[in-house]
Amino acid sequence: MEFDEFRTIFASETINFIKMNKKTKSLNSISTLLIAIGFSLCVGSIAAFIAMNIIAPENGADLDFIHWQRHFINPIMAYVTVPGIWLFLAGNAGLFFVQPRKNLFGIIQLILAVLVFANGLFLIVPTAKIASGLAAEPTGLSGNIELFLQKKTMEDSLGGVNLVLLIAYLIVTTIQNYKNHDKRNKHQTV
C-alpha cells in the first residue's frame with residue numbers, strides 16, 4: 001500500500017470517526033432533553049395529584065369533590081403523566097445505548113426508568129381508569145364509594161412509589177455527575 005492510499009484511508013476513517021462522535025453527542029443531547037422533559041412531566045403530574053389530595057375534604061367521600069377531581073385527573077393522566085413516562089423511558093434508553101461504555105450508574109438509571117414506566121403504564125393508569133369509571137357511573141357513586149376510595153388509595157400509593165423512584169433516579173444521577181466531575185478534576189490537575 002502506498003503512502004497516498006494510506007493517507008486517503010486514514011483521512012476518511014478520521015472523518016467518519018468525527019462524524020460518529022458528532023452523532024453521538026447529538027443523540028446524547030436529545031436523550032438528555034427527553035429525560036429532562038419526561039422527568040419534569042412526571043414530577044409535575046405527581047405534584048398536581050398531591051395538591052388535589054391536600055385540598056380534598058377530610059372524609060374523602062364528598063361526591064361533588066370526587067367528580068370535580070376526576071374531571072382534572074383524566075386529562076392530566078392522558079396529556080402529562082403518560083407522555084412524561086414515555087419520554088423519560090425513551091431518553092434513558094437512548095442515553096444508555098449511545099454510551100460507548102456501560103457503567104453501573106447507567107444501568108441503574110435505565111432500571112429505574114423501566115420501573116417508573118412499568119408502574120405508571122401498567123399499574124397507575126389502569127387503576128386511575130377504574131377509579132374514574134366508578135366516579136362516572138350513572139347510578140351514582142354512593143353505592144360504590146368504598147370501592148372507589150380503595151382504588152383511589154391504590155392510585156395514590158402507586159404514584160408515591162413513582163415519586164420515590166424518581167427521587168432515587170435524581171440521587172443516582174447526582175452521584176454520577178459528582179463522580180464524573182471528580183474524575184475530570186483529577187485529569188486536569190495531573
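Heads up: numbering here begins at 1 and tracks the sequence.
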Common cluster, [X]/[Y], ILVMFWY with side-chain heavy-atom separation under 4.5 Å:
X: Phe39; Y: Ile171; value: yes
X: Leu121; Y: Ile130; value: no
X: Tyr79; Y: Val116; value: no
X: Ile30; Y: Leu41; value: yes
X: Ile124; Y: Leu149; value: no

| So with a 6.0 Å cut-off around NE2 of His67, is the heavy-atom count from everything else above 12? |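 More than 12 heavy atoms, drawn from other residues, nucleotides or ligands, come within 6.0 Å of this atom.
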| field | Residues, nucleotides or ligands: over 12 heavy atoms within 6.0 Å of Met52 CE | value |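 Counting neighbours around CE of Met52, more than 12 heavy atoms of other residues, nucleotides or ligands fall under 6.0 Å, so yes.
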Using 0.5 Å steps for rounding, measure from the [atom1] atom of [X] to the [atom2] atom of [Y].
X: Leu134; Y: Lys129; atom1: CG; atom2: NZ; result: 14.5 Å
X: Leu158; Y: Asn162; atom1: CG; atom2: CG; result: 8.0 Å
X: Met77; Y: Phe49; atom1: CE; atom2: CZ; result: 5.0 Å
X: Ile73; Y: Thr81; atom1: CD1; atom2: OG1; result: 9.5 Å
X: Leu104; Y: Gln176; atom1: CG; atom2: CD; result: 9.5 Å
X: Ile175; Y: Leu170; atom1: CD1; atom2: CG; result: 10.0 Å

Of all the heavy-atom pairs spanning [X] and [Y], show the shortest one and how long it is.
X: Gly91; Y: Leu34; answer: CA-CB, 3.8 Å
X: Ala135; Y: Phe148; answer: CB-CE1, 4.1 Å
X: Ser31; Y: Gly94; answer: OG-C, 3.4 Å
X: Val43; Y: Leu166; answer: CG2-CD1, 4.0 Å
X: Glu155; Y: Ala128; answer: OE2-CB, 3.2 Å
X: Ile85; Y: Gly120; answer: CD1-CA, 3.6 Å

| request: Please lay out, stage by stage, how Ile35 and Thr173 fare under the test side-chain contact (heavy atoms from CB on, under 4.5 Å). | output: CA-CA 11 Å; Ile35 291 168; Thr173 303; over 6 Å; no
| query | What is the ring orientation for Phe88 with Tyr169, classed by angle as parallel under 30°, tilted 30 to 60°, or perpendicular over 60°? | reply |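 Plane angle over 60°, so perpendicular.
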| said: Assess the residue pair Leu95 and Leu110 against the criterion (side-chain contact (heavy atoms from CB on, under 4.5 Å)); give the C-alpha distance rounded to whole Å, side-chain angles, the decisive distance to 0.1 Å, and a yes or no. | reply: CA-CA 9 Å; Leu95 196 60; Leu110 184 61; over 6 Å; no
| field | Side-chain heavy atoms of Ile55 within contact of Phe65, under 4.5 Å | value |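 The answer is yes; the side chains approach within 4.5 Å.
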| message | Counting C-beta onward and ignoring hydrogens, is there a side-chain heavy-atom pair between Val114 and Asn92 closer than 4.5 Å? | response |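 No, too far: nothing below the 4.5 Å cut-off.
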| message | Test side-chain hydrogen bond (donor to acceptor under 3.5 Å, both in side chains) on Lys151 and Asn144; report intermediate values, then the result. | response | CA-CA 11 Å; Lys151 294 298 179 184; Asn144 295 322; over 6 Å; no
| Trace of the side-chain contact (heavy atoms from CB on, under 4.5 Å) decision for Met154 with Leu123 | CA-CA 9 Å; Met154 181 188 276; Leu123 298 175; over 6 Å; no
